Amino acid sequence: MTAPTKPPHGGPADALSASPLGEKSSLSGEHLHSPVIDWFDEHARDLPWRRPEAGSWGVMVSEFMLQQTPVNRVLPVYEQWLARWPRPADLAADAPGEAVRAWGRLGYPRRALRLHGAAVAITERHGGDVPTEHSQLLALPGIGEYTAAAVASFAYGQRHAVLDTNVRRVFARAVTGVQYPPNATTAAERKLARALLPEDEGVAARWAAASMELGALVCTAKNETCHRCPIAAQCAWRLAGKPEHEGPARRGQTYAGTDRQVRGKLLAVLREAHGPVPQSALDRVWHEPVQRARALDGLVADGLVEPLPGGLYRLPLTRL
DNA sequence: CAGGCGTGGCC
DNA sequence: TGGCCAAGCCT
(Lines give C-alpha, C1' and ligand atoms only; values in the text may rest on other atoms or scores of the structure.)
Protein backbone atom coordinates (compact mmCIF):
# COMPACT_ATOMS: atom_id res chain seq x y z
CA MET A 1 0.00 0.00 0.00
CA THR A 2 1.09 3.56 -0.51
CA ALA A 3 2.31 4.74 2.80
CA PRO A 4 1.45 8.41 2.89
CA THR A 5 4.59 10.27 3.62
CA LYS A 6 4.44 11.85 6.96
CA PRO A 7 5.90 15.24 7.71
CA PRO A 8 9.52 14.60 8.68
CA HIS A 9 9.10 15.79 12.18
CA GLY A 10 6.45 15.58 14.88
CA GLY A 11 7.36 18.36 17.21
CA PRO A 12 5.00 20.59 19.13
CA ALA A 13 4.12 22.65 16.12
CA ASP A 14 2.76 19.51 14.56
CA ALA A 15 0.28 18.89 17.31
CA LEU A 16 -0.36 22.55 17.96
CA SER A 17 -0.24 24.08 14.56
CA ALA A 18 -2.77 26.81 14.13
CA SER A 19 -4.33 24.91 11.28
CA PRO A 20 -3.84 21.28 12.14
CA LEU A 21 -7.12 20.54 10.42
CA GLY A 22 -5.85 20.28 6.91
CA GLU A 23 -3.52 17.44 7.68
CA LYS A 24 -3.26 14.71 10.19
CA SER A 25 -1.07 15.39 13.15
CA SER A 26 1.24 12.80 14.55
CA LEU A 27 -1.28 12.16 17.32
CA SER A 28 -3.48 9.95 15.23
CA GLY A 29 -1.28 9.21 12.28
CA GLU A 30 -2.58 8.32 8.90
CA HIS A 31 -0.19 5.40 8.97
CA LEU A 32 -0.81 2.28 11.01
CA HIS A 33 1.41 3.19 13.93
CA SER A 34 0.02 6.11 15.79
CA PRO A 35 1.56 6.30 19.26
CA VAL A 36 -1.91 6.39 20.79
CA ILE A 37 -2.99 3.18 19.07
CA ASP A 38 0.29 1.52 20.03
CA TRP A 39 -0.32 2.57 23.62
CA PHE A 40 -3.86 1.20 23.42
CA ASP A 41 -2.60 -2.16 22.17
CA GLU A 42 -0.51 -2.39 25.30
CA HIS A 43 -2.74 -0.86 27.96
CA ALA A 44 -6.38 -1.23 26.94
CA ARG A 45 -8.61 -2.59 29.70
CA ASP A 46 -10.23 -5.94 29.07
CA LEU A 47 -13.85 -4.80 29.28
CA PRO A 48 -16.69 -7.21 28.49
CA TRP A 49 -18.27 -4.98 25.84
CA ARG A 50 -14.96 -4.93 23.96
CA ARG A 51 -14.92 -8.68 23.56
CA PRO A 52 -16.20 -10.09 20.26
CA GLU A 53 -18.99 -12.03 21.96
CA ALA A 54 -20.53 -8.79 23.22
CA GLY A 55 -21.93 -8.10 19.77
CA SER A 56 -23.62 -4.90 18.72
CA TRP A 57 -26.33 -5.23 21.36
CA GLY A 58 -23.73 -5.58 24.10
CA VAL A 59 -21.94 -2.50 22.82
CA MET A 60 -25.19 -0.55 22.71
CA VAL A 61 -26.23 -1.56 26.24
CA SER A 62 -22.81 -0.61 27.57
CA GLU A 63 -22.93 2.79 25.88
CA PHE A 64 -26.28 3.60 27.47
CA MET A 65 -25.01 2.58 30.89
CA LEU A 66 -21.75 4.47 30.50
CA GLN A 67 -23.48 7.78 29.79
CA GLN A 68 -22.32 9.68 32.88
CA THR A 69 -21.69 6.56 34.97
CA PRO A 70 -18.21 5.16 35.77
CA VAL A 71 -17.07 1.83 34.33
CA ASN A 72 -16.69 0.10 37.67
CA ARG A 73 -20.30 0.66 38.61
CA VAL A 74 -21.55 -0.40 35.18
CA LEU A 75 -19.73 -3.74 35.06
CA PRO A 76 -21.98 -5.90 37.30
CA VAL A 77 -25.22 -4.43 35.98
CA TYR A 78 -24.08 -4.91 32.40
CA GLU A 79 -23.48 -8.62 33.04
CA GLN A 80 -26.92 -9.03 34.58
CA TRP A 81 -28.63 -7.25 31.70
CA LEU A 82 -26.94 -9.26 28.97
CA ALA A 83 -27.66 -12.52 30.78
CA ARG A 84 -31.32 -11.60 31.23
CA TRP A 85 -31.89 -9.87 27.88
CA PRO A 86 -29.37 -11.31 25.40
CA ARG A 87 -31.14 -9.77 22.39
CA PRO A 88 -33.08 -6.52 21.87
CA ALA A 89 -36.31 -8.49 21.40
CA ASP A 90 -35.89 -10.06 24.84
CA LEU A 91 -35.84 -6.66 26.50
CA ALA A 92 -38.64 -5.36 24.28
CA ALA A 93 -40.87 -8.22 25.39
CA ASP A 94 -40.48 -7.31 29.05
CA ALA A 95 -42.17 -4.44 30.88
CA PRO A 96 -40.37 -1.08 30.87
CA GLY A 97 -40.57 -1.09 34.66
CA GLU A 98 -38.41 -4.21 34.71
CA ALA A 99 -35.72 -2.28 32.85
CA VAL A 100 -35.98 0.50 35.42
CA ARG A 101 -35.75 -2.00 38.29
CA ALA A 102 -32.78 -3.83 36.77
CA TRP A 103 -31.07 -0.48 36.22
CA GLY A 104 -30.51 -0.47 39.96
CA ARG A 105 -28.53 2.48 41.24
CA LEU A 106 -26.73 3.41 38.04
CA GLY A 107 -28.44 6.80 38.12
CA TYR A 108 -30.39 8.74 35.49
CA PRO A 109 -33.04 6.00 35.24
CA ARG A 110 -34.63 7.61 32.21
CA ARG A 111 -31.79 5.92 30.35
CA ALA A 112 -33.30 2.55 31.27
CA LEU A 113 -36.63 3.64 29.85
CA ARG A 114 -35.00 4.91 26.68
CA LEU A 115 -32.95 1.75 26.26
CA HIS A 116 -36.15 -0.25 26.55
CA GLY A 117 -37.77 2.04 23.99
CA ALA A 118 -34.80 1.59 21.69
CA ALA A 119 -35.13 -2.19 22.02
CA VAL A 120 -38.80 -1.95 21.06
CA ALA A 121 -37.97 0.18 18.03
CA ILE A 122 -35.20 -2.19 16.97
CA THR A 123 -37.58 -5.12 17.26
CA GLU A 124 -40.36 -3.41 15.35
CA ARG A 125 -38.43 -1.48 12.73
CA HIS A 126 -35.10 -3.26 12.29
CA GLY A 127 -35.95 -6.93 12.50
CA GLY A 128 -34.41 -7.24 15.95
CA ASP A 129 -30.90 -6.23 14.87
CA VAL A 130 -29.14 -3.11 16.09
CA PRO A 131 -29.05 -0.88 13.00
CA THR A 132 -25.70 -0.24 11.36
CA GLU A 133 -26.35 3.22 9.96
CA HIS A 134 -25.42 6.24 12.03
CA SER A 135 -28.65 8.01 11.03
CA GLN A 136 -30.78 5.03 12.06
CA LEU A 137 -29.00 4.79 15.39
CA LEU A 138 -29.48 8.50 15.95
CA ALA A 139 -33.22 8.08 15.49
CA LEU A 140 -33.48 5.70 18.45
CA PRO A 141 -34.50 7.07 21.85
CA GLY A 142 -31.56 7.82 24.14
CA ILE A 143 -29.03 7.83 21.31
CA GLY A 144 -27.41 11.16 20.49
CA GLU A 145 -24.42 12.20 18.44
CA TYR A 146 -21.87 10.52 20.64
CA THR A 147 -23.63 7.19 21.19
CA ALA A 148 -24.56 6.78 17.52
CA ALA A 149 -20.92 7.25 16.53
CA ALA A 150 -19.70 4.99 19.33
CA VAL A 151 -21.99 2.08 18.39
CA ALA A 152 -21.25 2.44 14.67
CA SER A 153 -17.54 2.56 15.40
CA PHE A 154 -17.12 0.01 18.21
CA ALA A 155 -19.77 -2.48 17.11
CA TYR A 156 -19.41 -2.22 13.36
CA GLY A 157 -15.88 -0.91 12.85
CA GLN A 158 -17.04 2.16 10.93
CA ARG A 159 -15.17 5.43 10.55
CA HIS A 160 -16.77 8.10 12.72
CA ALA A 161 -15.53 10.93 14.89
CA VAL A 162 -16.36 9.69 18.38
CA LEU A 163 -16.38 12.79 20.54
CA ASP A 164 -16.95 12.04 24.19
CA THR A 165 -15.72 13.98 27.19
CA ASN A 166 -12.45 12.00 27.28
CA VAL A 167 -11.57 12.58 23.64
CA ARG A 168 -12.55 16.23 23.89
CA ARG A 169 -10.22 16.69 26.85
CA VAL A 170 -7.35 14.92 25.09
CA PHE A 171 -7.79 17.14 22.03
CA ALA A 172 -8.15 20.27 24.13
CA ARG A 173 -4.84 19.56 25.81
CA ALA A 174 -2.72 17.88 23.18
CA VAL A 175 -3.80 20.02 20.23
CA THR A 176 -5.37 23.23 21.47
CA GLY A 177 -3.18 23.59 24.54
CA VAL A 178 -5.88 24.28 27.12
CA GLN A 179 -6.75 22.27 30.20
CA TYR A 180 -10.43 21.68 29.45
CA PRO A 181 -12.67 21.68 26.38
CA PRO A 182 -15.68 24.02 26.10
CA ASN A 183 -18.84 23.11 28.01
CA ALA A 184 -20.68 22.08 24.87
CA THR A 185 -19.19 20.42 21.83
CA THR A 186 -18.35 23.02 19.18
CA ALA A 187 -18.15 22.90 15.42
CA ALA A 188 -14.40 23.42 15.71
CA GLU A 189 -14.07 20.32 17.85
CA ARG A 190 -16.02 18.23 15.34
CA LYS A 191 -13.87 19.52 12.54
CA LEU A 192 -10.70 18.72 14.43
CA ALA A 193 -11.93 15.24 15.32
CA ARG A 194 -12.75 14.53 11.67
CA ALA A 195 -9.37 15.84 10.57
CA LEU A 196 -7.49 13.63 13.01
CA LEU A 197 -9.45 10.52 12.07
CA PRO A 198 -7.26 8.00 10.21
CA GLU A 199 -8.39 7.28 6.67
CA ASP A 200 -8.64 3.54 6.98
CA GLU A 201 -11.97 2.45 8.45
CA GLY A 202 -10.59 -0.18 10.79
CA VAL A 203 -7.75 2.03 11.97
CA ALA A 204 -10.19 4.87 12.54
CA ALA A 205 -12.34 2.70 14.80
CA ARG A 206 -9.25 1.62 16.71
CA TRP A 207 -8.14 5.23 17.02
CA ALA A 208 -11.52 6.24 18.41
CA ALA A 209 -11.34 3.64 21.15
CA ALA A 210 -7.68 4.42 21.84
CA SER A 211 -8.09 8.18 22.20
CA MET A 212 -11.04 7.63 24.51
CA GLU A 213 -9.10 5.18 26.64
CA LEU A 214 -6.18 7.60 26.88
CA GLY A 215 -8.50 10.23 28.31
CA ALA A 216 -10.04 7.75 30.71
CA LEU A 217 -6.79 6.30 32.08
CA VAL A 218 -4.00 8.85 31.61
CA CYS A 219 -5.22 12.27 30.45
CA THR A 220 -7.82 12.46 33.21
CA ALA A 221 -9.64 15.57 34.36
CA LYS A 222 -7.71 15.63 37.62
CA ASN A 223 -4.32 14.14 38.47
CA GLU A 224 -3.35 13.42 34.90
CA THR A 225 -0.28 11.19 34.61
CA CYS A 226 1.71 12.69 31.77
CA HIS A 227 4.68 10.41 32.44
CA ARG A 228 2.57 7.54 31.15
CA CYS A 229 1.29 9.43 28.11
CA PRO A 230 2.45 8.29 24.68
CA ILE A 231 2.13 11.81 23.22
CA ALA A 232 3.44 13.82 26.16
CA ALA A 233 6.35 15.06 24.04
CA GLN A 234 3.94 16.67 21.55
CA CYS A 235 1.25 17.80 23.99
CA ALA A 236 0.59 21.52 23.55
CA TRP A 237 -0.83 21.92 27.04
CA ARG A 238 2.11 20.25 28.78
CA LEU A 239 4.61 22.13 26.63
CA ALA A 240 2.93 25.38 27.64
CA GLY A 241 3.45 24.56 31.29
CA LYS A 242 -0.04 23.15 31.87
CA PRO A 243 -1.83 26.49 32.38
CA GLU A 244 -4.93 26.39 34.56
CA HIS A 245 -8.39 26.67 33.10
CA GLU A 246 -9.34 30.28 32.43
CA GLY A 247 -12.70 31.90 32.43
CA PRO A 248 -15.85 31.10 34.35
CA ALA A 249 -15.95 27.94 36.41
CA ARG A 250 -17.39 25.02 34.57
CA ARG A 251 -20.99 24.34 35.39
CA GLY A 252 -21.19 22.11 38.41
CA GLN A 253 -24.04 19.81 39.27
CA THR A 254 -26.08 20.58 42.32
CA TYR A 255 -27.87 17.74 43.95
CA ALA A 256 -28.55 18.05 47.68
CA GLY A 257 -32.07 19.24 48.28
CA THR A 258 -33.08 19.21 44.62
CA ASP A 259 -35.99 17.48 42.98
CA ARG A 260 -33.50 15.02 41.57
CA GLN A 261 -32.62 13.81 45.03
CA VAL A 262 -36.29 13.40 45.91
CA ARG A 263 -36.99 11.56 42.65
CA GLY A 264 -34.11 9.24 43.45
CA LYS A 265 -35.51 8.43 46.88
CA LEU A 266 -39.01 7.85 45.53
CA LEU A 267 -37.80 5.59 42.76
CA ALA A 268 -35.61 3.62 45.18
CA VAL A 269 -38.72 2.67 47.15
CA LEU A 270 -40.51 1.54 44.00
CA ARG A 271 -37.50 -0.46 42.79
CA GLU A 272 -37.30 -2.42 46.02
CA ALA A 273 -41.02 -3.12 46.10
CA HIS A 274 -42.50 -5.83 43.95
CA GLY A 275 -46.02 -4.69 43.38
CA PRO A 276 -47.93 -1.46 43.98
CA VAL A 277 -46.82 0.86 46.77
CA PRO A 278 -49.23 3.06 48.76
CA GLN A 279 -48.80 6.80 48.78
CA SER A 280 -48.02 6.67 52.50
CA ALA A 281 -44.85 4.67 51.84
CA LEU A 282 -43.68 7.29 49.36
CA ASP A 283 -44.51 10.14 51.74
CA ARG A 284 -41.87 8.87 54.14
CA VAL A 285 -38.93 9.60 51.85
CA TRP A 286 -39.21 13.42 51.98
CA HIS A 287 -40.64 15.75 54.58
CA GLU A 288 -41.60 18.67 52.37
CA PRO A 289 -44.97 17.85 50.74
CA VAL A 290 -44.89 20.36 47.88
CA GLN A 291 -41.52 19.27 46.58
CA ARG A 292 -42.39 15.64 47.19
CA ALA A 293 -45.56 15.90 45.11
CA ARG A 294 -43.74 17.78 42.36
CA ALA A 295 -41.08 15.08 42.20
CA LEU A 296 -43.64 12.29 42.02
CA ASP A 297 -45.59 14.12 39.32
CA GLY A 298 -42.39 14.48 37.37
CA LEU A 299 -41.66 10.77 37.58
CA VAL A 300 -45.16 9.99 36.34
CA ALA A 301 -44.82 12.51 33.51
CA ASP A 302 -41.51 10.90 32.51
CA GLY A 303 -43.12 7.47 32.43
CA LEU A 304 -40.91 6.16 35.21
CA VAL A 305 -43.83 5.68 37.59
CA GLU A 306 -47.35 4.44 36.89
CA PRO A 307 -50.18 5.75 39.09
CA LEU A 308 -52.94 3.31 39.92
CA PRO A 309 -56.43 3.86 41.34
CA GLY A 310 -56.59 4.07 45.13
CA GLY A 311 -53.41 6.08 45.62
CA LEU A 312 -51.08 3.26 44.58
CA TYR A 313 -47.93 3.54 42.50
CA ARG A 314 -45.62 1.11 40.72
CA LEU A 315 -42.91 0.93 38.10
CA PRO A 316 -44.50 1.08 34.64
CA LEU A 317 -46.02 -2.13 33.35
CA THR A 318 -47.14 -0.69 30.08
CA ARG A 319 -45.65 1.60 27.51
CA LEU A 320 -46.74 5.21 27.31
C1' DC B 1 -28.78 26.40 24.54
C1' DA B 2 -28.78 26.37 29.48
C1' DG B 3 -30.57 23.59 32.65
C1' DG B 4 -32.68 19.25 34.31
C1' DC B 5 -31.74 14.63 35.13
C1' DG B 6 -29.04 9.99 39.85
C1' DT B 7 -25.55 8.10 42.25
C1' DG B 8 -21.35 7.27 44.65
C1' DG B 9 -16.33 7.77 45.17
C1' DC B 10 -12.48 10.63 45.75
C1' DC B 11 -9.22 14.23 47.59
C1' DT C 1 -16.25 18.20 54.23
C1' DG C 2 -18.18 19.13 50.01
C1' DG C 3 -17.31 20.27 45.39
C1' DC C 4 -15.85 17.84 41.46
C1' DC C 5 -16.18 14.20 38.42
C1' DA C 6 -17.95 9.90 35.57
C1' DA C 7 -18.11 6.80 27.56
C1' DG C 8 -24.72 12.32 27.45
C1' DC C 9 -29.43 13.11 26.09
C1' DC C 10 -33.38 15.91 25.69
C1' DT C 11 -36.14 20.09 25.68
Side-chain angles (χ1 to χ4, degrees), chain A residues 40 44-45 47-50 54 58-78 100 103-115 117-118 137-155 160-170 179-187 189 193 205 208-217 219-224 245 248-271 285 291 294-295 297-299 301-305:
Chain A
F40 186 63
R45 291 168 290 181
L47 300 170
W49 44 86
R50 286 180 179 163
V59 170
M60 182 173 149
V61 169
S62 76
E63 289 302 335
F64 269 77
M65 291 182 172
L66 289 165
Q67 291 169 1
Q68 302 280 279
T69 301
V71 165
N72 284 337
R73 221 171 337 139
V74 164
L75 283 169
V77 183
Y78 171 85
V100 174
W103 198 252
R105 307 186 68 78
L106 287 183
Y108 293 146
R110 291 193 288 195
R111 290 181 294 164
L113 224 44
R114 289 172 183 154
L115 181 48
L137 289 163
L138 199 54
L140 296 172
I143 295 192
E145 179 184 348
Y146 160 75
T147 303
V151 172
S153 180
F154 303 154
H160 292 282
V162 181
L163 263 188
D164 79 320
T165 187
N166 290 307
V167 175
R168 297 179 60 224
R169 187 175 54 249
V170 169
Q179 186 177 22
Y180 296 121
N183 273 326
T185 305
T186 63
E189 286 181 278
S211 55
M212 195 176 309
E213 189 80 336
L214 185 63
L217 297 183
C219 194
T220 49
K222 294 187 309 184
N223 305 117
E224 68 281 354
H245 176 72
R250 297 181 297 158
R251 179 168 61 92
Q253 322 161 1
T254 55
Y255 184 64
T258 62
D259 287 5
R260 282 158 71 188
Q261 185 181 20
V262 185
R263 287 165 59 107
K265 287 177 175 295
L266 290 170
L267 211 53
V269 171
L270 293 163
R271 274 199 312 265
V285 309
Q291 188 179 24
R294 187 173 64 231
D297 284 349
L299 288 170
D302 287 347
L304 284 163
V305 171

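All values below come from the heavy atoms of this structure, side chains included, with hydrogens, waters and symmetry mates left out. Labels below follow one simple rule: chain letters A, B, ... track the order of the sequence lines, proteins then strands, and each chain is numbered from 1. Here the structure is a predicted model, which is why all the values come from computation and not from measurement.
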Under a criterion of less than 4.0 angstrom to any heavy atom of chain A, what are the 5'-terminal and 3'-terminal contacting nucleotides of DNA chain B? B:dG3 to B:dG8
Locate the shortest heavy-atom distance separating A:L47 from A:V71; write the atom from each residue and the value. CD2-CG1, 3.9 Å
Of A:L304 and A:N183, the one whose closest nucleotide on DNA chain B sits nearer the 5' end is A:N183
Both A:N223 and A:G104 contact DNA chain B. Taking the nearest nucleotide for each, which residue is further toward the 5' end? A:G104
What distance do [X] atom [atom1] and [Y] atom [atom2] have between them, rounded to the nearest 0.5 Å?
{"X": "A:E63", "Y": "A:D164", "atom1": "CD", "atom2": "CG", "answer": "8.5 Å"}
{"X": "A:D302", "Y": "A:L113", "atom1": "CG", "atom2": "CG", "answer": "8.0 Å"}
{"X": "A:R169", "Y": "A:N166", "atom1": "CZ", "atom2": "CG", "answer": "5.0 Å"}
{"X": "A:Q67", "Y": "A:R110", "atom1": "CD", "atom2": "CZ", "answer": "12.0 Å"}
{"X": "A:M212", "Y": "A:L163", "atom1": "CE", "atom2": "CG", "answer": "9.0 Å"}
{"X": "A:F64", "Y": "A:T147", "atom1": "CZ", "atom2": "OG1", "answer": "6.5 Å"}

Under 4.0 angstrom, heavy atoms only, what part of the nucleic acid is A:F64 near: base, sugar-phosphate, or nothing? nothing
Pick the [atom1] atom in [N] and in [M], then give their distance to the nearest Å.
{"N": "C:dT1", "M": "B:dT7", "atom1": "P", "result": "22 Å"}
{"N": "B:dG8", "M": "C:dC10", "atom1": "C1'", "result": "24 Å"}
{"N": "C:dA7", "M": "B:dG3", "atom1": "P", "result": "23 Å"}

Before you tell me yes or no, could you show the steps for A:V167 and A:Y146 under side-chain contact (heavy atoms from CB on, under 4.5 Å), namely the whole-Å CA-CA distance, both residues' side-chain angles and the distance that decides it to 0.1 Å? CA-CA 11 Å; A:V167 175; A:Y146 160 75; over 6 Å; no
Produce a footprint string for nucleotides 5-11 of chain C: one letter per nucleotide, 5' end first; B if the base is under 4.0 Å from any protein heavy atom, S if only the sugar-phosphate is, - if neither. BBBBSS-
